[in-house]
2 protein chains.
Amino acid sequence: MPGLLGEYDLRVTARARAASLRPAVTLADVAREAGVDQSTVSRVLRDDHRARATDETRARIRETADRLGYVPNASARSLAVRKTSTIGLLIPNVSGVIYADVIKGAADAASALGYVLVVADGSELGRANDAVRKLVLEGRVDGLLLASGTLTDQVTDDLLGSTGNVVVLNRQIAGKVPQVIEDDEYGMYLGTRELVDAGHRRIACLAGPPDVDTSRRRVKGYKRAMREAGLTVTAGLVVHHDFDEASGYAGMLALLGQQPQPTAVAAASLAAAVGAMAAARDQGIVIPDDLSMVAFHDAPLANYLCPPLTTIAMPLEELGRQAMQMLHRRLVGEPGPAAVTVSDPSPIVVRRRSVGPPPG
Amino acid sequence: MPGLLGEYDLRVTARARAASLRPAVTLADVAREAGVDQSTVSRVLRDDHRARATDETRARIRETADRLGYVPNASARSLAVRKTSTIGLLIPNVSGVIYADVIKGAADAASALGYVLVVADGSELGRANDAVRKLVLEGRVDGLLLASGTLTDQVTDDLLGSTGNVVVLNRQIAGKVPQVIEDDEYGMYLGTRELVDAGHRRIACLAGPPDVDTSRRRVKGYKRAMREAGLTVTAGLVVHHDFDEASGYAGMLALLGQQPQPTAVAAASLAAAVGAMAAARDQGIVIPDDLSMVAFHDAPLANYLCPPLTTIAMPLEELGRQAMQMLHRRLVGEPGPAAVTVSDPSPIVVRRRSVGPPPG
DNA sequence: TTGACAAGAACAAGCGCTTGTTCAAGGATT
DNA sequence: AATCCTTGAACAAGCGCTTGTTCTTGTCAA
């Protein structure tokens, strides 16, 4: 990503080019040129089943539209049909390693369903509010995918009450808010088991904020694995911080302050794990010799850490896809569950080199 | 970033909430309720200078609109005024570490200028084309910010010919395509100097693809620094790969195959540097003792690498901001340069721990 | 008193599209 | 030969907004 890079093929065809010589060519233009009525052009071009036209007329219309470079105007169409066929995806921090997959899944599903997906940056408070107002309320999008773990119940209720076309990603809320969640509990269970199986007994948990749903679910998974292994979670063994590098760094320092020190830590996020690894290193602790580590969520980056980090790969692309599908169902009024847990593909642990036997 | 996290305050006010009880309340509704004409409501609510209304009427209109929860419909408005006041930002891979800043800058400028910014994922070829068609051609956005280093001239010409409302980020193209670029040459020069100043003489360059504009400019900066220091760039000292971790890994391996080995490498991208560091480590080479390293572009991640990586911080936020501003100028027909180089703030090197004296 | 001129506000057309309805012109059916 | 579909296509209204124009007052100068 570094280099403002990417490989596009944006060659635009001659017709598209002609299309936007001002002023844009309209349906009426095509109709006039083809010698038919506007409505006929509209129906033919959309393959409307009510299009009654001879093959000859159809051909002439299409040819004319093509020649003139007709491109339908989205605003006019939206106004007429009262929907925009575009969906917004609101993301707290667009550059989160994790979101690439979510976006991909959502975008795939969106285009399969005939929507265009736009993502909005909700990294700042004002920005997120703005986005909701400008996008949803003003009708720029038909619905919104909300990726966030820290919505308060109050907030989501309001949002839903006010729009009814929002699906929340990975936030589990009692009640009727449409949601698609990943099995954080199981994922974290898996990660912790990995540590247990390697022989660790003093396993710490580098958790996210205690008031964040996803964070709590991950801690739950950690605890379940511990309990199953007959291990007790003593005070201080789980520390709560944010889901970012700096917090991971601080959290690891806290963990390392314990006596006796944990021999392994399960981090609830990749970014926190990155910070944590740096902290360990700074304390002269070497992974995996002195300390083992797994992190929740996978990304290419994990491969290049020092050492390569064992992670739990969650089905994030599927999360995005299913969220989009659920939103679509709701928009067209199809029945369907208002809450689903993505379980296929199942979370898997990606073994790299950060897990070893306990020292000593 | 881990936890699908973010802190929103999406509390929607009562009026917004009321706004979307179907059907949405329209200007006509407000007019009827307030006992005035629709046009008056429209003008008053927009503070149109042609609004002739007593303060009393104004107050009544505003009160009514508020009470009814009126929110203007973007499609209708766009259709009427023939612009959408939304701008698209097309990004090759939305989750690139680097793009967070660009997006922030562009988003700031956008909202200051009264636009809403949506970002589209152009990670895949088809997706990018689709985005251009759906967004620009169909008039969902007024203009497009194109972040990419690998557009061919042909392609951009077409794009511009077909729309005229596109600004390219950091791609330097002869001709009239509107562009705002960062001073890659100088940035890379700075980074290489850092290595030179530390005493290195065999300095390699881990470059991007040779046919990518930004990559070439970075190599140029590297070469200038070398030349100035009286150092020769022997064959094999600059290797070309992609701007990602895997490529950086491969590139570093190639570099390490040289005899004599370089004692320092200037990487043209952060991601490549991450891969390169992993490669060095795998070869038993320790940074900075055996090998020094700097990378082009900065991000929080660099702080947490092993060791923390010295980088060149480029003014990416400003890049985004200025691109947005240029696009705006073009949209409103203001004159202004069609190409600017962002030079303020100037690139700076962020010293961390990956640079040391040459070994031996 | 008349007219001119504001101010305040209503009228009306139109942006580019969709869609329910009507119309005309053949066949097919009686 | 009259009736009835059916097919092919035109008509027309309307989506929610903006904006140029017109209408109606009240006020003030002449």
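One atom, CG of B:Leu45, and another, P of D:dT19, lie 14 Å apart when rounded to the nearest Å. For A:Arg52 and C:dT19, the CZ to C1' distance is 14 Å, given to the nearest whole Å. The CZ-P distance, from B:Arg46 to D:dC17, rounds to 11 Å in whole Å. B:Asp48 places its CG atom 14 Å from the C1' atom of C:dG8, with the value rounded to the nearest Å. In this entry the distance linking CD of A:Glu138 with P of D:dC17 reads 10 Å, nearest Å. The distance between atom NE2 of B:His49 and atom P of D:dT18, rounded to the nearest whole Å, is 14 Å.
For D:dT18, the OP1/OP2 oxygens have a side-chain nitrogen or oxygen of B:Ser42 closer than 4.0 Å. Put simply, A:Thr57 has a side-chain N or O that comes within less than 4.0 Å of OP1 or OP2 on D:dA9.
A:Leu169 CG to A:Leu327 CG: the interatomic distance, rounded to the nearest 0.5 Å, is 10.0 Å.
In terms of heavy atoms, B:Ile181 sits closest to B:Leu319 at C-CD1, 3.8 Å.
Proximity of a side-chain donor or acceptor of A:Arg58 to a complementary backbone N or O of A:Ala53 within less than 3.5 Å is detected. Remark: the backbone N or O of B:Lys83 is not paired with any side-chain donor or acceptor of B:Asp142 at under 3.5 angstrom. The backbone N or O of A:Thr26 sits less than 3.5 Å from a side-chain atom of A:Asp29, completing a donor-acceptor pair.
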Exercise for the section: Starting at the 5' end of nucleotides 10-16 of chain D, put B wherever the base has a protein heavy atom under 4.0 Å, S where only the sugar-phosphate does, and a dash everywhere else. Expected result: BBB--BB
Solution key, residues 34-41 of chain A side-chain donor-acceptor pairs under 3.5 Å, sequence neighbours excluded:
residue	atom	partner	partner atom	Å
A:Asp37	OD2	A:Ser39	N	2.7
A:Asp37	OD2	A:Ser39	OG	2.7

